[in-house]
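Residue numbers begin at 1 in each chain, while the letters A, B, ... track the order of the sequences.
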Protein chains: 2
Amino acid sequence: MVPLTLDERKKKILLAIIKTYLETGEPVGSRTISKLEGLDLSSATIRNEMADLVDMGYILQPHTSAGRIPSDKGYRFYVDQLMAEKEKDIAERERETDEMKSLLVEKADKMERLLKQVAKSLSANTNYAAMISAPRYNMNRLKFIQLSRMEENRIVAVIVVEGNMIKNQIIDIDGPIDDETLLALNMLLNTTLNGMAIEDINLSIISKMKQQAGEQAGIISEVIDAVAESIRDDEDLEIYTSGANNIFKYPELADNQRASEIITAFEEKKQLTDLVYETLSHSDEKGIQVYIGEESPVENMKDCSVVTATYELDEGIHGTIGIIGPKRMDYDKVLSTIKKLTTELDTMFKKN
Amino acid sequence: MVPLTLDERKKKILLAIIKTYLETGEPVGSRTISKLEGLDLSSATIRNEMADLVDMGYILQPHTSAGRIPSDKGYRFYVDQLMAEKEKDIAERERETDEMKSLLVEKADKMERLLKQVAKSLSANTNYAAMISAPRYNMNRLKFIQLSRMEENRIVAVIVVEGNMIKNQIIDIDGPIDDETLLALNMLLNTTLNGMAIEDINLSIISKMKQQAGEQAGIISEVIDAVAESIRDDEDLEIYTSGANNIFKYPELADNQRASEIITAFEEKKQLTDLVYETLSHSDEKGIQVYIGEESPVENMKDCSVVTATYELDEGIHGTIGIIGPKRMDYDKVLSTIKKLTTELDTMFKKN
DNA sequence: TGTTAGCACTCGACCTATTAGAGTGCTAAC
DNA sequence: GTTAGCACTCTAATAGGTCGAGTGCTAACA
C-alpha cells in the first residue's frame, strides 16, 4: 500500500535526494543518502523509502539499476519548501547584490541600456539565460504629445508616456500645413489626450477630436489617425535577453533538438512575450513564480525551469524579468538573486 | 613533381568535387566523379588528379581511405569562379526575389520593422543565419532638431537625421525655461547644425554656439551638451538578426562547442559589429564579400562561411547585410539572394 | 513492527574484437 | 597518358564480455 502523504522522514529523504542531485547532476543512490548527516538510517531503509517516493511520483528511476532523480513533482515540492523558508534568510546574499546594484546604477541614463544591463548582469550572475521585458507600454498614461514640421509636408510626432518612454512617428501629409494649424493641433491633442491611459483611447474619442478640428479635419484626421495608430502600435513588447548561450553548459539542454528550440524561443521573442503576459496576469498572487518542466507556459521550454518575477516602474506599470535554466537549477540562488533584483529595480524607479 | 597551376581538367574535377560535396555533405570519392557527365575518365585517372589537388591544397583527405572534401582554398576557387559567372545568369532567380519584394514592402513603414523583416526573410529563404545592420548613423547628416518642453524643467529633444532615423533625449534642466528661450534655442540649433554631418560636430562648433547663446548660456549649454552627447552616443550600431537556430541544421556546426560560439556571437552583437565595420571598410572594392572559414574576421566564425554585402540608403550612408552558414553553403543561391536583396533595398530607398 | 544485513540480479558504461565496405595508392599493361 | 587490377588502410557498425553501481527481496533482529 502506497502512503498518501509525506511523513517527516520521507520529506527529509526527498530533500536530501534533490539537493544532492542539484549538486552532482547524477542519479543518486541509497548509499549516498544513508551516509549523509542528519538521518541515521541504513541504505536498505532508505531504499524502501525511495521505492515509496517513486510510487508517489516524487522521484524517477532512469532505469532499474540506477539511482533516482527528482521528477517535476519532486522539484515542485522542493521549490515550495524553499519559498516558504525564503522570508527568513534574505540577508545572506546581501553582498553579491550590492555588487549588482552598483553595476546597475552606473549607466542607467537610458531605459534601454538599463534593461540590457540588467539582463546581462542576471545571466552572468546565475549562469542561466535571462530576459527582461520593458515596462508594459499600453498600461501607461500619455504625458505629452508634440507635432513638429520637419519638411514641407512631413511631420514628426513625439509621444511621451509615463515612465518617459518615447515613441516617434513620421507622418506624410498631402498638402502643406501652416504653423497656426499645427499649433492648434498640438493644443487639441494635448488637452484631449494628456493623462489618458492608452487603452482608453477609442474610436469615439478620436472621432470627437476630428469633429472639434472643424474645417481642417481633412489634414487633421490624417494626423490623428497616424498618431493613434502609432500609439496603439506596440504589439511588440520589447524584450531584452542575455546569456542564451549558457544553456550549452547543461548537457541535458545542450543536445541539438532542445538547444535549437530554446534558442529559437529566445530569438523570435514571440514565446517570451507570451511568458511575460502569463507572468503579468498572475503577478498579483505572488512576487515570484517558478515553472518547472511541463508547468512551463512556453512550449519550447518544457525541459527547462523558468523563474519569473514582476517589477514595478510606477504605479500599475509592470515589467517582467525571467531566468531560464535546466530543471536542476540552483533555485536557492536564483530566487535570492531575482528577489533582490526586483526590489532593487522597484526602489530605483521610485526614486526617479 | 606537383603542378603549380590548375589546368582545365583539374578545374573541372575540382568543381565537380565541390559541387558534389555541397549537395551531399559527404566526402566524395574518385568513382563518384568518374561516373558524372562531362568528363569521361576512369576512376584511376581521377585518383591521380585528386592526389595532385591534395598536394596543391585545394582539397583535403579526412583520412587515408576516405574521399576528399574541399579545403578553404578550394571553396575560395569555387566562389571566385561563381562570382565571375554571376553577372550573366541573374535573371534566373527573379521569381523568388519578387516574392521577397512584396514581403518587404508590406510593412515598411518603419525602419526598424523593415530591417527585422529583411533579416527574417533572408534567413527563411536561405536556411542560414542572417543579420542586417541599421544604416551607419554617424555618417548621416542632421536634418532637424526640435526641443519641446515636457514638464516644468524637463525638455525632450527630437533629433532627425537623413534617412529619417530619429533619436530622442530627455533633458533635465536646473531652472525653468521660458517659451522665448526655447524658441531661440531651437532656431540656434537648427540654423547651426542642420545639414551637418554628425562627425563634423566638434567642440569648436559647440563652443561657438554657446557663445552665440549669450546671457542664457547657462541653461543653453546644458541643453547643447545633452544634445551633442545624444547625437554622438551611438556606439551601439543597431543590428538585427534572425535564424541563428538554423545552424543546428548543419551537423558540422551543431556540436556544443561551435554552436555555443556562434550563438554567443549573435547574442552579444559585438563581433557582428566588427563584421559590419570590416565589410563597410571594404565596400568600395566590390559589392559582395565572401569570407570562407579562416578568412573570417570574426573569431567565433572560423568554422563558417560569411557572406556580406552593403546596401545604400542614401548617398554615403551604408548598411550591411550578412549571411552566416556552414562552409559548404549553397553559395550560388546565397549570392543570388543577397545580390537581389541589396539592389532591392537600394532602389527602395532611392524611391523614398 | 520497523530496521537492517546479505545476496542475487539488472542494466548501463566501457572496452575489445571482428567485420564490411568505401576508397585509396601503386604497379603493370595498354 | 590512360586504365584495370589488387593489396592496403581506415572508419563505422556490430557483437561479446566485463565491471560496478544500485536495486529489490528475503530473512533475521531489536
Side-chain angles (χ1 to χ4, degrees), chain A residues 1-3 5-14 16-18 20-21 23-36 38-71 74 251-252 255, chain B residues 1-3 5-14 16-18 20-21 23-36 38-71 74 251-252 255:
Chain A
M1 203 52 240
V2 180
T5 59
L6 291 171
D7 59 30
E8 267 318 302
R9 197 171 72 175
K10 282 195 172 55
K11 281 186 188 173
K12 263 190 176 170
I13 293 174
L14 178 52
I17 294 173
I18 296 177
T20 311
Y21 183 71
E23 280 168 25
T24 65
E26 307 256 292
V28 353
S30 53
R31 276 206 81 219
T32 316
I33 298 298
S34 77
K35 275 183 296 189
L36 289 177
L39 64 179
D40 290 313
L41 294 171
S42 76
S43 65
T45 312
I46 304 282
R47 272 202 293 283
N48 288 331
E49 296 287 42
M50 277 172 142
D52 282 355
L53 286 171
V54 168
D55 287 339
M56 296 167 80
Y58 286 100
I59 52 182
L60 299 172
Q61 221 172 352
H63 56 265
T64 322
S65 75
R68 312 302 214 281
I69 61 175
S71 67
E252 66 266 46
D255 73 297
Chain B
M1 201 54 239
V2 180
T5 58
L6 291 170
D7 59 30
E8 267 320 302
R9 198 172 71 176
K10 281 194 173 53
K11 282 186 189 173
K12 260 190 178 170
I13 292 174
L14 178 52
I17 293 172
I18 296 178
T20 311
Y21 184 70
E23 281 166 26
T24 64
E26 307 255 293
V28 354
S30 53
R31 278 207 79 216
T32 316
I33 299 298
S34 77
K35 276 184 295 189
L36 290 177
L39 64 179
D40 292 313
L41 293 170
S42 77
S43 64
T45 314
I46 303 283
R47 272 203 293 283
N48 289 330
E49 295 287 42
M50 276 172 144
D52 283 355
L53 287 171
V54 169
D55 288 339
M56 297 168 79
Y58 287 101
I59 52 182
L60 298 173
Q61 220 172 352
H63 55 265
T64 323
S65 75
R68 311 302 214 282
I69 62 175
S71 67
E252 65 266 46
D255 73 297

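- If you take NZ of Lys10(B) and C1' of dG1(D), they are 12 Å apart, rounded to a whole angstrom.
- Put simply, Arg31(B) has no side-chain N or O that comes within less than 4.0 Å of OP1 or OP2 on dG21(C).
- Taking atom CD of residue Glu49(B) and atom P of nucleotide dG25(C), one finds them 13 Å apart after rounding to whole Å.
- In terms of polar N and O atoms assigned as donor or acceptor, the side chain of Thr64(A) never comes within less than 3.5 Å of the base of dT10(C) in a complementary pairing.
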Would you please test Glu26(A) and Thr32(A) for side chain to side chain contact (heavy atoms under 4.5 Å, CB included) and show each step?
-> CA-CA 11 Å; Glu26(A) 307 256 292; Thr32(A) 316; over 6 Å; no

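- Remark: dA28(C) base-pairs with dT3(D); criterion is Watson-Crick or G-U wobble with both hydrogen-bond distances under 3.5 Å.
- Position along DNA chain C of the nearest nucleotide to Asn48(B) versus Gly67(B) favours Gly67(B) as the more 5'-ward residue.
- Nucleotide dA13(D): paired with dT18(C) (Watson-Crick or G-U wobble, both distances less than 3.5 Å).
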Step-by-step side chain to side chain contact (heavy atoms under 4.5 Å, CB included) determination, Leu6(A) to Leu53(A) | CA-CA 9 Å; Leu6(A) 291 171; Leu53(A) 286 171; 3.6 Å; yes

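- Rounded to whole Å, the distance from NE2 on His63(A) to P on dA13(C) is 7 Å.
- The base of dG25(C) lies outside donor-acceptor range of the side chain of Arg68(B), with no N or O pair under 3.5 Å.
- Across Leu60(B), Ile18(B), Val28(B), Val54(B), a single residue satisfies side chain to side chain contact (heavy atoms under 4.5 Å, CB included) together with Arg68(B), and that is Val54(B).
- If you check every strand for non-hydrogen atoms under 4.0 Å, Ala66(B) touches sugar and phosphate atoms only.
- In this structure, Leu39(A) atom CG and dT3(C) atom P are separated by 11 Å, rounded to whole Å.
- Contact annotation: Ser65(A) side-chain N/O to dA21(D) OP1/OP2 distance is not under 4.0 Å.
- Taking atom CD of Glu26(A) as the reference point, atom P of dC11(C) lies 20 Å away to the nearest angstrom.
- Distances from the side chain of Thr45(A) to the nucleotides dG6(C), dT4(C), dT3(D) place dT4(C) closest.
- Here dG25(C) presents its P atom at 9 Å from CE of Met50(B), a figure rounded to the nearest Å.
- Regarding Asp7(A), its CG atom lies at a distance of 17 Å from the P atom of dT1(C), rounded to whole Å.
- Dashed line: the shortest gap from a side-chain N or O of Arg9(B) to OP1 or OP2 of dT2(D) is under 4.0 Å.
- The environment of Lys10(A) atom NZ is dense: over 12 non-hydrogen atoms of other residues, nucleotides or ligands sit within 6.0 angstrom.
- Among the atoms of the strands shown, only primed sugar atoms or phosphate atoms (P, OP1, OP2) are found under 4.0 Å from some heavy atom of Ser30(B).
- As a whole-Å value, the separation of Arg47(B) CZ from dG1(D) P is 18 Å.
- With contacts defined as side-chain heavy-atom distances shorter than 4.5 Å, the pair Glu49(B)/Ile17(B) does not qualify.
- Distances shown here put every side-chain N or O of Gln61(B) at or beyond 4.0 Å from the OP1 or OP2 atom of dT9(D).
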